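Beneath this line is the structure, given in structure tokens, with notes to follow.
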Amino acid sequence: MPKAKGKTRRHKYSYNLNRKRLYRSARRRAAPRIACSHIRHAWDPHKSVAQNLAEMGLAEDPNKAVPIPKKLLGMEVESDGQQPGKKIVRKPYVVNEMELEASLPEKKSNTLSRDLIDYVKYMIQNHGENYKEMARDEKNYYQDTPKQIKRKINVYKNFYPEEYKNFIASLKPEKMEVQ
């Protein structure tokens, strides 16, 4: 099937087209991406970002929210005694929920893969503490060196100390029966 006429021709760059204006208008229309679910639920799409954040009691610009005192900069300035007007917070529950979420203790998600646990158990079961022998084992698919295997076993010991103790205790009776 023949190609359409004029498709192979090089296109000329249009110098008169203002591409910045096109991209800027597209960005303006897009809604902001909000990661926090508390803010997302309280967000009013008909208001500006500054208005939304002010209603929630959050700062739009952290540099303006917590200014550096002039004393620290080396200048002494007398204050007039006037305090800037306080903003009305209409949605204080957003800040309260965020503070509550931040105060919760962080869960430790230190886990090892099932394959690594099985690998370590196999090596200890068959070779005990002989890391050089472990390195020569045929199940050492990743060709770990003795030091790498020792490191993996230590990681397993640190992550699951109780399970490791029980595993070692279960191995001792088997060795006694063989002798």
Side-chain angles (χ1 to χ4, degrees), residues 6-120 141-165:
K7 282 290 180 185
T8 58
R9 186 176 38 172
R10 186 174 167 266
H11 297 286
K12 288 187 178 180
Y13 183 79
S14 177
Y15 290 96
N16 298 328
L17 185 64
N18 186 357
R19 287 174 177 76
K20 285 184 182 177
R21 190 177 53 109
L22 292 173
Y23 293 131
R24 208 176 308 134
S25 63
R27 262 190 279 137
R28 220 180 287 139
R29 277 185 248 123
R33 288 189 163 232
I34 303 168
C36 181
S37 63
H38 308 298
I39 295 174
R40 191 181 306 120
H41 292 300
W43 196 266
D44 186 3
H46 302 293
K47 293 182 180 175
S48 69
V49 174
Q51 290 172 337
N52 271 309
L53 292 176
E55 279 188 356
M56 293 178 212
L58 301 172
E60 179 188 15
D61 185 6
N63 294 324
K64 291 179 183 174
V66 185
I68 299 172
K70 301 250 180 187
K71 290 178 188 174
L72 295 178
L73 296 175
M75 298 180 222
E76 295 279 336
V77 177
E78 294 180 21
S79 61
D80 300 341
Q82 298 176 358
Q83 290 189 356
K86 293 214 172 193
K87 295 180 181 174
I88 298 170
V89 179
R90 295 192 178 136
K91 300 176 184 176
Y93 61 91
V94 175
V95 175
N96 295 338
E97 289 172 354
M98 288 174 69
E99 286 175 350
L100 182 70
E101 190 176 321
S103 67
L104 294 174
E106 192 175 318
K107 290 182 181 178
K108 288 186 177 180
S109 62
N110 294 343
T111 57
L112 297 176
S113 68
R114 190 77 239 159
D115 294 337
L116 182 65
I117 293 171
D118 293 340
Y119 172 77
V120 167
Y141 299 126
Y142 296 111
Q143 298 182 353
D144 292 330
T145 63
K147 279 190 174 183
Q148 288 172 327
I149 294 172
K150 185 176 183 179
R151 210 174 301 129
K152 286 181 180 180
I153 291 172
N154 287 335
V155 167
Y156 175 69
K157 284 181 190 177
N158 293 335
F159 277 40
Y160 303 104
E162 294 297 320
E163 190 177 319
Y164 178 77
K165 286 177 186 174

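In what follows, residues are counted from 1 in the order of the sequence shown. Keep in mind it's a predicted model, so treat the numbers as computed, not measured.
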For Tyr13, the side-chain contact (heavy atoms from CB on, under 4.5 Å) test, sequence neighbours excluded, returns Tyr15, Arg19
To the nearest 0.5 Å, atom OH of Tyr93 lies from atom NE2 of His41 at 10.0 Å
Is there a side-chain contact between Glu101 and His38 in this structure, where contact means two heavy atoms from C-beta onward sitting under 4.5 Å apart? yes
One should read off an interatomic distance between Thr111 OG1 and Ile117 CD1, to the nearest 0.5 angstrom, of 8.0 Å
Separation between CG (Leu58) and CD1 (Ile39), nearest 0.5 Å, reads 5.0 Å
Practice problem: For Lys157, look at atom NZ and say whether over 12 heavy atoms of other residues, nucleotides or ligands are found less than 6.0 Å away. | Solution: yes
To the nearest 0.5 Å, atom CG of Asn96 lies from atom CG of Leu100 at 8.5 Å
So the salt bridge (charged side-chain N to carboxylate O under 4.0 Å, His left out) pairs with at least one residue in residues 88-97 (sequence neighbours excluded) are Glu55-Arg90, Glu55-Lys91
Residue set satisfying side chain to side chain donor-acceptor pair (under 3.5 Å) with Asp144, at least two apart, ordered chain then number -> Tyr119, Lys152
Shortest non-hydrogen pair, Asn52 vs Ala42, comes out as OD1-O, 4.5 Å
Here the gap from Asp44 atom CG to Gln51 atom CD, rounded to the nearest 0.5 Å, amounts to 9.0 Å
Sorted by chain and number, sequence neighbours left out, side-chain contact (heavy atoms from CB on, under 4.5 Å) with Val155 holds for Leu112, Phe159
> Passes side chain to side chain contact (heavy atoms under 4.5 Å, CB included), Val94 versus Trp43? Steps please.
Replying inline: CA-CA 10 Å; Val94 175; Trp43 196 266; over 6 Å; no
Those residues at least two apart in sequence (or on a different chain) that pass ring-ring contact (aromatic ring centres under 6.0 Å, His included) with Tyr160 are Tyr156
By side-chain contact (heavy atoms from CB on, under 4.5 Å), Gln143 pairs with (sequence neighbours left out) none
Taken in chain and number order and not counting sequence neighbours, the residues that satisfy ring-ring contact (aromatic ring centres under 6.0 Å, His included) with Tyr164 are none
Across all chains, not counting sequence neighbours, the side-chain contact (heavy atoms from CB on, under 4.5 Å) partners of Ser113 are Asp115, Leu116
Hits for salt bridge (charged side-chain N to carboxylate O under 4.0 Å, His left out) against Glu60, two or more places apart or cross-chain, chain-then-number order -> none
